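We count ligands from 1, going down the list as the structure has it; atoms in each ligand are counted the same way. Values in this document were obtained by computation on a predicted structure and should not be read as measured data.
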Amino acid sequence: MKNPLASKWIKVPVFLAGLVPALGLVWMGYKGELGANPVEFVTHGTGDWTLIFIVLTLAITPARKLLRQPALIRFRRMFGLFAFFYGALHFLIFVILDHSFDLGEMFKDVAKRPFITMGFTAFVLMVPLAITSTAGWIRRLGGKRWQWLHRLIYITAIAGVVHYYWLVKSDVRVPLRYAVIVGLLLLYRLVMWFRERSRPPRPMVTAEAPAEGA
Ligand code: HEM
């Protein structure tokens with residue numbers, strides 16, 4: 001049987017599922033169910049989903065290797081763009097609803113409150129990643145340079161978790177849970193990097209001496 005993850009259509013339901021949290025917030029707003037402080041409610045909702053999609057994006061590489069499901073790579077770009085989408089909504093809510101487009105006040109807040117500085121850093125670093133997420137940009141930058149640039153997602157993930165940890169006043173259990181998950185996902189990459197580095201160089205393939213197993 002064909003692997004459903006490799007199917008042409010699987011991206012459609014996954015994409016629609018990614019829109020559900022945003023549509024849910026719109027629906028709740030329409031029904032007047034956003035609680036006593038709607039701005040806080042939507043800020044928290046979009047912040048949560050930004051972090052969730054960052055984690056999902058980082059989880060693709062280990063999941064495809066550990067589960068032997070290379071087709072999972074097809075979802076990495078979509079998850080990354082959803083992280084950017086929810087991050088942009090989160091930021092726009094802050095600019096429009098929290099600061100009524102007063103960019104001076106907004107930047108004062110960014111400079112004055114460390115948790116906002118962290119969130120802002122995390123978001124700004126996502127912008128070049130979203131812009132260069134297309135096949136055209138991979139070609140233009142070259143695979144190696146593109147890969148290096150996209151490692152910025154590691155800093156975004158760490159800054160996003162610190163942002164969350166700093167803004168929480170007393171119960172830090174949820175941000176700590178995210179810290180553990182992001183920590184494990186980054187540790188996996190570090191271990192893989194060391195393993196790759198310590199592997200003996202592959203024998204050169206020449207006409208006289210073909211590589212072992214060739
Ligand atoms: C990658 C970027 C970001 C991530 C992952 C992120 C994540 C989060 C999370 C998880 C929350 C808490 C949600 C909850 O309590 O359930 C939150 C709250 C918040 N974030 Fe962000 N955020 C990001 C960027 C930003 C930016 C750019 C700003 C503004 C410049 C910002 C401003 C806020 C504010 C004002 C709150 C509410 C704080 C409070 O309740 O006192 N965030 N964010």
Aromatic ring proximity, centroids under 6.0 angstrom, Y165 and Y178: no
Whether Y86 and F53 hold their rings parallel, tilted or perpendicular, with breakpoints at 30° and 60°: parallel
Shell of protein N/O/S atoms around atom 21 (Fe) of ligand 1, taken as anything under 2.8 Å: H90 NE2, H163 NE2
More than 12 heavy atoms from other groups under 6.0 Å of OH on Y154: yes
Flag if over 12 foreign heavy atoms under 6.0 Å of CZ, F115: yes
Pi-cation contact, W193 with R197 (under 6.0 Å, within 45°): yes
Side chains of S133 and H150, donor plus acceptor under 3.5 Å: no
Cation-aromatic face contact R145/W148, 6.0 Å, 45 degrees: no
M126: numbered ligand 1 atoms lying under 4.0 Å from its heavy atoms: 1 (C)
Numbered atoms and elements of ligand 1 in range of F123, under 4.0 angstrom, heavy atoms: 2 (C), 27 (C)
Geometric N/O contact H44 with ligand 1, under 3.5 angstrom: yes
Sub-4.0 Å heavy-atom contact, K169 with ligand 1: yes
Within-4.5 Å side-chain heavy-atom neighbours: Y164 and V172: no
Which residue and heavy atom of the protein sit nearest atom 13 (C) of ligand 1, plus the separation: D48 OD1, 3.2 Å
